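What you see is a predicted model; the values in this text were computed from it and never measured. Order of the sequence lines fixes the chain letters, A, B, ..., with proteins taken first and strands second; residue numbering starts at 1 for each chain.
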Amino acid sequence: MRPGGGGGSGGHGNHEGLRARGAPGRDRLRPRAWAGAAGPCCAACRGGTPRGSPSPPSPRGPLVRLLCPLEPGFVRPVGLRVGRGSGAHPGALRSSGSEQARLKGGVVREDTEEWQKEPSFAGLERVGGVDLSYIKGDDSRACASLVVLSYPGLEVLYEDCRMVAVSAPYVAGFLAFREVPFLVEAVQRLQQEEPRLKPQVLLVDGNGLLHHRGFGVACHLGVLTDLPCIGVAKNLLQVDGLARDELHREQIRSLQREGDTFPLTGTSGSVLGMALRSCNSSKPLYISVGHRVCLETAVRLVQSCCRYRIPEPIRQADIRSREYIRKQMCSPVKVPSSGPEREEKAEVDD
DNA sequence: GCGACAG
DNA sequence: ATCTTGTCGC
Ligand SMILES: [Mg+2]
């Protein structure tokens, strides 16, 4: 049992209501579950107090650690389901948002590589793609995948699929806290095992600057690895006035030919990303800067990586991670045996 | 009750 | 993200 509602559609509602805004009439969007609670529920909810700090010990210390899915080391209690719009605490999200704001300073929005200036990307030989696939009834396990494709041939040169223990729930605006740790690990493994195959740019399944705080998973991964990164989203994240409204649908209809684009301009007037008609799909991609690639280069590169709607590096990472899970579920359960076996069951009877 | 909902 | 077969269309 969890404070703030029994899972499902209750929970904390729209977590992006946490953003600091003075707009009148927005206050009712603020999550209420903990707003009037007697006190903070955990370190994160105290506003990011470092763990182990000499703050007065909470009588609920050990327990509340279990209740903060965005806390490092969080382990979801068995059977606790986290669905849309639930699963994280305002305080945990607040500190995660602070971390995004802090790391955002490291983002480079311009081209930094020579090949990026070339008309046909001469000098570009390897493009990476990353993705995670999940198991339906399992909130803790996922398969993280990193692939590297040749360019311009788009043949798979490298594949790394690995089962991982997911610890953070999915909350829109905080995707990186769920996925990025495993993507960084995959990049580090590649660096270690096959340094020659390290990609010159990484296509990331999700947004970059097109984000509530201008720091989506593509920026996050880019800053943590210092690899050039591009955000590629399949759906529009409605931020800064952008909406999936009739105007937007009309703009989509205006994309007549493959390669056509229109800018995604926020209320501030800045271009946060670009909608791109890839191949012959009527459903566009949403491209944004991750790190060390300008938006124009990002769009051009994604377009040149598309055999189908989804650019091939991401598509291969997606296909292969899902296939990895499928195969694993069909294969017999293996338990690494170590030393003499002991009774595992019926211990409670002793 | 309504809005938002990257993956 | 995932649950899911066939079906209609190019
Ligand atoms: Mg994905």
Side-chain angles (χ1 to χ4, degrees), chain A residues 8-19 21 23 25-32 69-70 81-88 93 96 100 129-145 164 166-183 203-221 229-245 248 264 272-275 279-290 308-310 314-315 317-319 321-326 329:
Chain A
S9 59
H12 298 294
N14 177 12
H15 291 108
E16 287 307 331
L18 285 170
R19 70 201 139 173
R21 287 164 134 267
R26 288 287 189 173
D27 277 351
R28 59 187 188 83
L29 290 178
R30 179 165 303 155
R32 299 194 175 283
L70 293 184
R81 305 282 300 265
V82 173
R84 291 190 157 207
S86 68
L93 298 182
S96 297
Q100 291 173 329
V130 290
D131 191 30
L132 268 74
S133 287
Y134 298 90
I135 306 171
K136 179 197 169 186
D138 190 334
D139 287 328
S140 62
R141 287 184 303 163
C143 178
S145 170
V164 297
V166 177
S167 60
Y170 169 67
V171 179
F174 298 90
L175 174 64
F177 292 90
R178 178 170 168 85
E179 297 196 343
V180 94
F182 311 109
L183 302 180
L203 304 189
V204 182
D205 193 7
N207 292 300
L209 293 180
L210 180 51
H211 181 269
H212 305 84
R213 287 159 296 281
F215 195 73
V217 62
C219 297
H220 208 135
L221 183 59
C229 285
I230 295 170
V232 182
K234 297 178 286 295
N235 294 99
L236 177 66
L237 181 60
Q238 300 181 146
V239 52
D240 197 17
L242 298 173
R244 302 168 178 173
D245 53 14
H248 183 66
L264 302 163
L272 303 178
M274 206 76 94
C279 293
N280 267 325
S281 175
S282 60
K283 190 176 166 72
L285 297 174
Y286 299 94
I287 312 301
S288 60
V289 169
Y308 305 98
R309 178 190 173 228
I310 307 299
I314 289 178
R315 182 169 169 270
D318 178 79
I319 290 173
S321 57
R322 187 178 301 107
E323 179 69 4
Y324 188 92
I325 285 177
R326 192 188 69 78
M329 295 187 83

Exercise. Donor-acceptor pair, A/His211 side chain versus A/Gly173 backbone, under 3.5 Å?
Worked result: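 Yes; judged by distance alone, with no hydrogens or angles, the pair exists.
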
Between [N] atom [atom2] and [X] atom [atom1], what is the distance in whole Å?
X	N	atom1	atom2	result
A/Glu179	B/dG7	CD	P	9 Å
A/Phe177	B/dA6	CZ	C1'	14 Å
A/Ile325	C/dA1	CD1	C1'	10 Å
A/Asp131	C/dT2	CG	P	8 Å
A/Leu183	B/dA6	CG	C1'	14 Å
A/Asp245	B/dC2	CG	C1'	17 Å
A/Tyr324	C/dT2	OH	C1'	20 Å
A/Leu221	B/dA6	CG	C1'	15 Å

Can you tell me if the side-chain N/O atoms of [X] get under 4.0 Å from OP1 or OP2 in [N]?
X	N	value
A/Lys234	C/dA1	yes
A/Arg141	C/dT2	no
A/Tyr170	B/dA6	yes
A/Arg322	C/dT2	yes

Closest contact, heavy atoms only, [X] versus [Y]:
X	Y	answer
A/Cys219	A/Gly214	SG-O, 4.1 Å
A/Leu132	A/Ala142	CD2-CB, 4.3 Å
A/Ala317	A/Gly129	CB-O, 3.7 Å

For this session: State the dot-bracket string of DNA chain C. Criteria: Watson-Crick or G-U wobble, both atom distances under 3.5 angstrom; notation: ( ) intrastrand, [ ] crossing earlier pairs, | interstrand, . unpaired.
Result: ..........

For this session: Give A/Asn207 one of three labels, base, sugar-phosphate or nothing, depending on what nucleic acid heavy atoms sit under 4.0 Å from its own.
Result: base

For this session: Please determine, for the side chain of A/Leu237, which listed nucleotide (B/dA6, C/dT2, B/dG7) has the closest atom?
Result: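 So the nucleotide nearest the side chain must be B/dA6.
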
Exercise. Less than 4.5 Å apart, any side-chain heavy atom of A/Tyr170 and any of A/Glu179?
Worked result: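 When only atoms from C-beta onward are counted, A/Glu179 and A/Tyr170 do not touch, as no gap falls below 4.5 Å.
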
For this session: May I ask you to decide if the ring planes of A/Phe177 and A/His220 are parallel, tilted or perpendicular, using 30° and 60° as cut-offs?
Result: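 If you compare the ring of A/Phe177 with that of A/His220, the planes turn out perpendicular.
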
Exercise. If we ignore angles and hydrogens, is there a donor and acceptor under 3.5 Å between the side chains of A/Ser133 and A/Ser321?
Worked result: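 Judged by distance alone, the side chains do pair up.
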
